[in-house]
Protein chains: 2
Amino acid sequence: MPDKTIKLYDTTLRDGTQAEEVSFSVEDKLRIARCLDGIGIHYIEGGWPGSNPRDAEFFERMRKEKPAFSRLVSFGATRRAHVKAGKDTGLKTMLSSGAPAVCLFGKSWKLHVAKALRVSLDENLEMIHDSVRYLKGRVGEVFYDAEHFFDGFKDDPEYALKTLKAAEEAGADYIVLCDTNGGSLPFDVQRIVSEARAAIAVPLGIHAHNDSETAVANSLVAVKEGAVMVQGTMNGFGERCGNANLCSVIPALKVKMGIDCISDERLKKLRTASRFVYELANMPHLRHQPYVGDAAFAHKGGIHVSAVVRSPETYEHVRPELVGNVQRVIVSDLSGKSNLLYKAAEYGLDISSKAEVVQNLLHELKSLEHQGFQFEGAEASFELLIQKALKRRERYFKLLGFTVIDEKTNEDVPPRSEAAIRLEVNGVVEHTAAEGNGPVNALDAALRKALYRFYPSLKKVRLIDFKVRVVAGAEGTGARVRVLVESGDGVDKWGTVGVSENVIEASWQALVDGLEYKLYKDKVKRDRT
Amino acid sequence: MPDKTIKLYDTTLRDGTQAEEVSFSVEDKLRIARCLDGIGIHYIEGGWPGSNPRDAEFFERMRKEKPAFSRLVSFGATRRAHVKAGKDTGLKTMLSSGAPAVCLFGKSWKLHVAKALRVSLDENLEMIHDSVRYLKGRVGEVFYDAEHFFDGFKDDPEYALKTLKAAEEAGADYIVLCDTNGGSLPFDVQRIVSEARAAIAVPLGIHAHNDSETAVANSLVAVKEGAVMVQGTMNGFGERCGNANLCSVIPALKVKMGIDCISDERLKKLRTASRFVYELANMPHLRHQPYVGDAAFAHKGGIHVSAVVRSPETYEHVRPELVGNVQRVIVSDLSGKSNLLYKAAEYGLDISSKAEVVQNLLHELKSLEHQGFQFEGAEASFELLIQKALKRRERYFKLLGFTVIDEKTNEDVPPRSEAAIRLEVNGVVEHTAAEGNGPVNALDAALRKALYRFYPSLKKVRLIDFKVRVVAGAEGTGARVRVLVESGDGVDKWGTVGVSENVIEASWQALVDGLEYKLYKDKVKRDRT
């Protein structure tokens, strides 16, 4: 294997959202883009700005953010048939996104040219050529995604290669071979990438789908045969069976194939990034997911346990720490502890010398995780938890009680929701009530109203997002739910979490953490100045 | 590729139960064995009779059942060190299981010989040889599983091959190369299987784990290099990240590689078998699972739909019918008329001639989508909507009113939730109340309680899953929420949806649709008979 580098190209924000249940708000997309930037993804495909207003807004807002590492890519199709590239609104929209790179897709399979595009084979070649050339003169980098390339090559290798040459001659910076239907097996990919490699001088990429459960393998085989860009998604999100899972591709490239594509430090953030994306998609993490899943390094078989403790390489294909995961033979204090110290250090807290605090925290965390708490996306709650273990957490108020009522009196009109709350601050009792759109909104409104008198800075706090998920999906409305709240004060944003069998209780916990975090944060700022 | 046959070897009942959350009763194991027999698996590994009483009982009960097609296999380890094979209780137990074939595992990796077995390299070879020879004289077929073969080969190819030769000389019928830690990549497997093939005359098998997300690919590559037995599990169940998923291996072998391993008729049962095993494991089916998952042939992107209907091969790697699955066009961005007609046709409704109905439906859908409705995963609500447009939807009850109260009186105790409901069926008023874990659970309980008297079949309906998400994530608890409910009656499952700014209202809509769909479905069945 020659010593080479590979460009990582993430399309979670575009292809990933084609998954049936995945839908990201603009705010979610911005947060994911920052996360991908943080783990050192080279290219982030932000969306197809011509296809929907949400993607257009995302690019608009990204102009004000400069990713530290990644380059943003906008996606789009070749020009329409029989239209000049300069007159094509799709191409114009790709450019007007302001992204420094664009990814253009076109057709390589005769069947699609005839049945989907309904143009002549020559017109298709011109559409590719014109579009690439037009874009190339107007933006930093142009990638060409050859849709259905493998199926096209199996059908007619000569024509499929011609479509690549059209992109090459027009100046494409990378040509990406797509297995759009996900039907190719590793030996198909091996043979076809090798033939494309021989015919094309421009650097090649691979874009695999997982319909044969071989997307990761196909991506790695393509790299072995000379591809130097891998397109995929976090956790393999994508239409039908998903795309190549970057969370499995990246560690294989880096650790197993020795290819320089991500720093050691960034690789350690992989598990956290994987979970972050699941959280924003409001989906449960896949326990058995390779490398980053909870079960990926869990050892159940009795005979394994002593051996794996003595020499982990006997039963682990890579060290879990490399990807930020942990061995879970016995939930050993060491593995939990190093994780915790690492996490606390992220908040600027060195608690390594405080054995009792660490012990209490580990105990508390274990109990909370058992209840269904998870702190990815709820780091404000985690920070408050550390403050509590350090006996530094202040109580800003004491709840005396609340009542929430939803009353529906007409089939066609939503219920009226009202909350009454009674609480105490420094011996002063406040008793008030508020209405809202639904019980949680009413409770939120009543809680704020009661607290404003004592803590006017809370007026700045806004609830940005609110997510509810059943923790174990087997008991319907009676199951345990996790509520994730995102709050902001115009300067910062923070996430908090609550868990209970009662959604009102879980919401209450997350709301209270959200407001208390604001007061805690203000205090930290005051203490600093 | 030579025209050859492949033996399918299922270890769901042994390796599959190593998955953290999988646990089968003896009865479950018997039912799964019958299911595997029904789809034409050649060998069913029933368990390790020496390791636990449940496996021993399974073999005991299987003696009274004669699988029509499959052969049962019992699993076990090579003899202990420095003990005669005839004196080894493990080997005796394998035989006493009464299974017509046995699978013996032994060590190929020097590291394991030294660290796990703690015997000399020569003693390990003798343990393999003695055990195979002892078994071979006493049972129909003996398979030898070379544990950690790929890691062992990378470490010391000569010694790894010596362990295979020990099994070969002693008369093993198949020698199975195991990637026990799941760390091998397809090109490793390609090279190493090819070298083993050159050194060994006995037929080879492959046993892959999925820690690198390449178990299916590795299995197929091994077959391409000459392996003639594939060991795997249904749905890829197994320790850590699972085993090679036979539900993906089988269709690839049969449909893509043209290898005779299962009949066309049996292949059509694959999806049902996959779901059956999930059900017995009490696990949700993986939506995105290749070939057999609900999303495997689901099409969302608007541009795809018209093309995929015209010519399915444009966007499907295999025909879903081959594995018992179906093409699904997802109801998303339904604004397109062709989408709508296609969807209606799925429910056996030809509305193409009813221009007014179609027009009304399109109008209604557009307005609902604007409000935040999405019918992905909520197809029962969509079907009810069509019934409404056709003016065929029945009203089963009229709501007169409900009140839900959540009362929290103690900071450390979750609120008490109670719902009171008043409704009318055919002039009869029912007024009742119920408690629940949270307001929605209480409302659900009260609604059912009120309706059971009129519609006893609703007692069979269970809430399977309940999901809430904010539609536009910019307004916190005051934003519009979408509630997705999954209900089931032991026979079918169906999803319903509700949208409102008030989570109680949205839940109410989805709950009502869920119950009304059951009544509608029962009526359709009655009308048919």
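Order of the sequence lines sets the chain letters (A, B, ...), proteins ahead of strands, with each chain counted from 1.
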Comparing B:Asp188, B:Asn210, B:Leu399 against chain A, the one with the most heavy-atom pairs below 4.5 Å turns out to be B:Leu399
Using a 4.5 Å cut-off on heavy atoms from C-beta on, say whether the side chain of A:Val318 contacts that of B:Asp211.
no
Interchain contact, A:Leu400 with chain B, by part (heavy-atom threshold 4.5 Å):
backbone
Chain A contact via B:Glu213 - side chain, backbone, both or neither, heavy atoms under 4.5 Å:
both
One should read off an interatomic distance between A:Asn502 CG and B:Asn437 CG, to the nearest 0.5 angstrom, of 7.0 Å
Portion of B:Leu443 that has a non-hydrogen atom of chain A nearer than 4.5 angstrom:
neither
Is there side-chain contact between A:Pro415 and B:Val404, with heavy atoms separated by less than 4.5 Å?
no
Taking ring-ring contact (aromatic ring centres under 6.0 Å, His included) as the test, write out the residues that go with A:His148, two or more places apart.
A:Trp109, A:His112, B:Tyr315
Pick whichever of B:Asp151, B:Asn218, B:Asn245 has the most heavy-atom pairs under 4.5 Å with chain A.
B:Asn245
Do B:His288 and A:Glu239 touch side chain to side chain, with heavy atoms closer than 4.5 Å?
no
So A:Thr403 and B:Asp406, side chain to side chain donor-acceptor pair (under 3.5 Å) or not? Walk me through it.
CA-CA 6 Å; A:Thr403 308; B:Asp406 314 286; over 6 Å; no
Option in A:Gln509, A:Glu407, A:Glu411 with maximal non-hydrogen atom pairs under 4.5 Å from chain B:
A:Glu411
Please flag which part of B:Lys408 lies under 4.5 Å from any non-hydrogen atom of chain A: side chain, backbone, both or neither.
both
Most heavy-atom pairs under 4.5 Å with chain B, out of A:Ala116, A:Ala506, A:Pro439, belong to A:Pro439
Please lay out, stage by stage, how A:Leu185 and B:Lys256 fare under the test side-chain contact (heavy atoms from CB on, under 4.5 Å).
CA-CA 9 Å; A:Leu185 300 182; B:Lys256 300 194 175 183; 4.0 Å; yes
Please classify the contact of A:Asp179 with chain B as side chain, backbone, both or neither, using a heavy-atom distance under 4.5 Å.
neither
Options B:Ser248, B:Pro290, B:Gly183, ranked by heavy-atom pairs under 4.5 Å with chain A, top entry:
B:Pro290
Evaluate the side-chain proximity of B:Arg287 to A:Arg240: yes if any heavy-atom separation is below 4.5 Å, no if none is.
no
Heavy-atom contact with chain B under 4.5 Å, split by part of A:Leu117
neither
Cut-off 4.5 Å, heavy atoms of chain A, and the answer for B:Pro414 is both
Test of understanding: with ring-ring contact (aromatic ring centres under 6.0 Å, His included), list the residues that count as partners of A:Tyr291, not counting sequence neighbours.
A:His317
Assert top hit (heavy-atom pairs under 4.5 Å, partner chain A, pool B:Asn410, B:Thr214, B:Val503, B:Ile504) equals B:Ile504
Side chains of B:Gln289 and A:Cys241 in contact at under 4.5 Å (non-hydrogen atoms):
no
So which part of A:Val413 gets closer than 4.5 Å to some heavy atom of chain B, the side chain, the backbone, both or neither?
backbone
Residue A:Ile421 versus chain B: region with a heavy atom under 4.5 Å:
neither
Just do the side-chain contact (heavy atoms from CB on, under 4.5 Å) check on A:Phe187 and B:Met257 with the steps written out, would you?
CA-CA 11 Å; A:Phe187 25 87; B:Met257 296 170 73; 3.5 Å; yes
Toward chain A, the part of B:Gln190 with a non-hydrogen atom under 4.5 Å
side chain
Closest heavy-atom contact between A:Asn181 and B:Thr314?
ND2-O, 3.0 Å
Can you check side-chain contact (heavy atoms from CB on, under 4.5 Å) on A:Phe402 and B:Thr409, steps first, answer last?
CA-CA 7 Å; A:Phe402 67 68; B:Thr409 52; over 6 Å; no
Heavy atoms, side chains only, cut-off 4.5 Å: are B:Val216 and A:Ser212 in contact?
no
